[in-house]
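Working notes, beginning with the structure itself.
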Amino acid sequence: MKVRQLVSAWTLLSASSNHRNLPILLFVQGKKSGGGGGGGGSSSFGGGGSAPRPSSPSYNSAPRPSSPSYNSNPSNYRPSNPTTAYRPSVPTPTPRPPVKTPTGSIPYNSRSPYNPNPSYKPLSNSGAPTLRSGGGGFGSKAKSVIVTVAKAAAFGLAVGAVINVVRGAFLYGGRYSSPYCRGDDVDRYASGRCPVGYSTASHKCAGQVPLCGIPESVRSDWNVGPEAPPRVEVSFDGSVCSFVPATAPPAAANNDNTTNTNDSTTSTVEGVDGTSGLSDCVSRILSSGGCDAYNAGSLFQYDESNGGCGCCSTPQIVPLGNFSAAVYSFQTSSSATATSSGTTEASAVPQHCISGATIHYPSIAASADATFRCDCGSCTDCGNGASRYLDWSGPFAVSDAEGEAAVVGNTGAPLYDPVDTCVCGTAGGMACEEAMAGQGQGGGYDYDGYGSSYSGASAATVVAGRGTSWAVGMIGVVLFVLVGRR
């Protein structure tokens, strides 16, 4: 392979006998004439021809050499405009329509509990999801939680211990939640007292919750009648009330893996990290006749630290300095789904559950809650993307009619969570914005976990982009020291 070399020498000479031994700097720039050089040797940025500019010895003024590992094919050269010509040939995502809320439409990138994009879901002051059920918080990216000094002793952990939370993690809601779920990330993921579930994470669009069809054998056993247990909502985080203890024992559960903690019973459920006695507290209160006789709002307290469980006897709520307890309320089906016309939207048996998760549901055969594994494989292909309403106490998707009916008259957080979803084993549907943004398409956005969003490439992407778009010439600097005679 022929190599053309340009050798330029600047020699510092002096007539004085004291400066006879001087260094000479030789700048050698080489360019291979074969491979990806291509004829006239045009520059990546249009700044060079077949010869260098003598007036400027910088790398931009000379022909760029070719890298044998990459530029051996002339088609791999970047065109003259690096900002637009090196994009993958994928369609530009269509801007999302405005988000509907009870108070009117808002832009798709507005932070709201009614926004289906998990990156724009609001959080409480402690960082917890703001849904009335207390669940949600679907994680589209993995994250790490560091145990703080303030929480280490309480949870028996070392200061600085790292808890890794994988992509697809979520918090159970309703009666399967816990007061600790309302705290910060250490409360949620390090205490062991906040039930956390997981979805499969093989599908491309990480910001969409993957769903599977619920088996017909489970759907036929699903209790949606008036005897089904009421929904449970969070009324006051980190708080207690004066209460009348529930005296009845909890209803029999279909899970034998139970442990007694103080006066409550906590169940270890396969596929769920963390335990809570809230569900058993709810069962005991319902077996005792409910809370209507004690207060108008069906308020009750559950304290995870000591098992304190019962109906609030006074309307006075006392805030705590931690999230070991909370005050909840019962929500009946009729009041939760009343429509604007005054009619009631009857509950329907759900059709979809979260792929890979353990699902709680009211069983007719067991006369109590039962669980099943929502399984339809790895869910690599997940399409039919759309916004659907999720009940995180399952979790499962309720019908659009039931989800929309529950929104009517509620200007705060929704009862059911509108979330971007896809269905395993299908194709098509809503565009995957975060994938478009990752490929450099304008107008898209990346998901960065629950409650945060950003646009543009990551720092790693920027660095990698510079490495491939900047053509740097091979510049050899040779230092020759000429020793003259005295």
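Note that the numbering runs from 1 along the sequence shown for the chain.
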key: Nearest heavy-atom neighbours spanning Ser305 and Asp303   = OG-OD1, 2.5 Å
ask   = So do Cys311 and Ile285 actually touch side chain to side chain, heavy atoms under 4.5 Å?
value = yes
request  = Answer with yes or no after comparing the ring centroid distance for Tyr302 and Tyr328 against a 6.0 Å cut-off, counting only values under it.
outcome  = no
query = Which pair of heavy atoms, one from Arg388 and one from Gly385, lies closest together, and at what distance?
reply = NH1-C, 4.5 Å
key: Within 6.0 angstrom of Gln316 CD, more than 12 heavy atoms from elsewhere   = no
task = Measure the shortest side-chain to side-chain distance between Val232 and Phe300 over non-hydrogen atoms and say whether it is less than 4.5 angstrom.
result = yes
Test item: side-chain donor near acceptor, Thr200 and Ser202, under 3.5 Å = no
task = Would you tell me whether Ser393 and Ser133 have side-chain atoms, one donor and one acceptor, within less than 3.5 Å of each other?
result = no
query = Is Lys143 close to Asp185 at the side-chain level, that is, under 4.5 Å between some pair of heavy atoms?
reply = yes
Interatomic spacing from OH in Tyr361 to CD1 in Ile214 - rounded to 0.5 Å = 10.0 Å
inquiry  = To check you understand the geometry: which heavy-atom pair defines the closest contact between Asn295 and Ser298, and what is its length?
reply    = OD1-N, 2.7 Å
Asp221 side chain to Ala365 backbone, donor-acceptor under 3.5 Å = yes
task = With the side chain counted from C-beta on, respond yes when Cys181 and Pro195 share a heavy-atom pair under 4.5 Å apart, and no when they do not.
result = yes
query = Taking only residues two or more places apart in sequence or in another chain, which ones pass ring pair (Phe, Tyr, Trp, His ring centres under 6.0 Å) with Phe323?
reply = none
inquiry  = What's the separation between atom OH in Tyr416 and atom CG in Asp391, rounded to the nearest 0.5 Å?
reply    = 5.5 Å
message = Quick one: does any side-chain atom of Lys121 pair with a main-chain N or O of Pro113 as donor and acceptor, under 3.5 Å?
response = yes
inquiry  = Determine whether the interatomic SG-SG distance for Cys374 and Cys353 falls below 2.5 angstrom.
reply    = yes
message = Using a 3.5 Å distance criterion without hydrogens, assess whether the side chain of Ser355 forms a donor-acceptor pair with backbone atoms of Cys376.
response = no
query = Do the side chains of Leu286 and Pro230 get nearer than 4.5 Å, heavy atoms only?
reply = yes
task = Apply side-chain contact (heavy atoms from CB on, under 4.5 Å) to Asp381 and His203, showing your working.
result = CA-CA 6 Å; Asp381 298 323; His203 62 296; over 6 Å; no
ask   = Which heavy atom in Gly134 sits nearest to a heavy atom in Val234, and how many Å separate them?
value = CA-CG2, 3.9 Å
message = Can you give me the closest heavy-atom contact between Pro350 and Arg219, atom names plus distance?
response = O-NE, 2.8 Å
key: Donor-acceptor under 3.5 Å (Arg373 side chain, Thr358 main chain)   = no
message = Between Arg188 and Val196, is there a side-chain heavy-atom distance shorter than 4.5 Å?
response = no
ask   = For the Cys pair Cys379 and Cys424, is the SG-SG distance shorter than 2.5 Å?
value = yes
Spacing of Leu211 atom CG and Cys422 atom SG [to the nearest 0.5 Å] = 7.0 Å
message = Apply side-chain contact (heavy atoms from CB on, under 4.5 Å) to residues Ile354 and Trp392 and explain how you reach the verdict.
response = CA-CA 10 Å; Ile354 292 185; Trp392 290 105; 3.4 Å; yes
message = Would you compute the distance between atom CD of Glu233 and atom CZ of Arg132 and round it to the nearest 0.5 angstrom?
response = 4.0 Å
task = Show the numbers, then the answer: is there a side-chain contact (heavy atoms from CB on, under 4.5 Å) between Ser112 and Val99?
result = CA-CA 9 Å; Ser112 168; Val99 176; 5.6 Å; no
Audit row: Gln208, Thr421, side-chain contact (heavy atoms from CB on, under 4.5 Å) steps and yes/no = CA-CA 4 Å; Gln208 295 177 350; Thr421 64; 5.6 Å; no
Side-chain touch Val282/Pro229, heavy atoms, less than 4.5 angstrom = no
request  = Determine yes or no for a side-chain-to-main-chain donor-acceptor pair under 3.5 angstrom, with Ser177 supplying the side chain and Arg175 the backbone.
outcome  = no
If you look only at distance, which donor and acceptor atoms sit under 3.5 Å apart when one is on a side chain in residues 150-166 and the other is two or more places apart or in another chain?
residue, atom, partner, partner atom, Å
Lys151, NZ, Asp184, OD1, 3.1
Lys151, NZ, Asp184, OD2, 2.9
Lys151, NZ, Asp187, OD1, 3.3
Lys151, NZ, Asp187, OD2, 2.9
Asn164, OD1, Ser144, OG, 2.8

inquiry  = Rounded to the nearest 0.5 Å, what separates atom OG in Ser140 from atom CZ in Arg167?
reply    = 8.0 Å
query = Donor-acceptor pair, Gln351 side chain versus Gly213 backbone, under 3.5 Å?
reply = no
request  = Verify, without hydrogens or angle tests, whether Ser279 (side chain) and Tyr176 (backbone) share a donor-acceptor contact under 3.5 angstrom.
outcome  = no
Side chain proximity check, Leu171 to Pro129, heavy atoms < 4.5 angstrom = yes
note = Rounded to the nearest 0.5 Å, the CG atom of Asp417 sits from the CG atom of Leu131 at a distance of 4.0 Å
Cys205 and Cys382 SG atoms under 2.5 angstrom apart = no
ask   = Where do Val349 and Trp222 come nearest, in terms of heavy atoms and distance?
value = CG1-CB, 3.9 Å
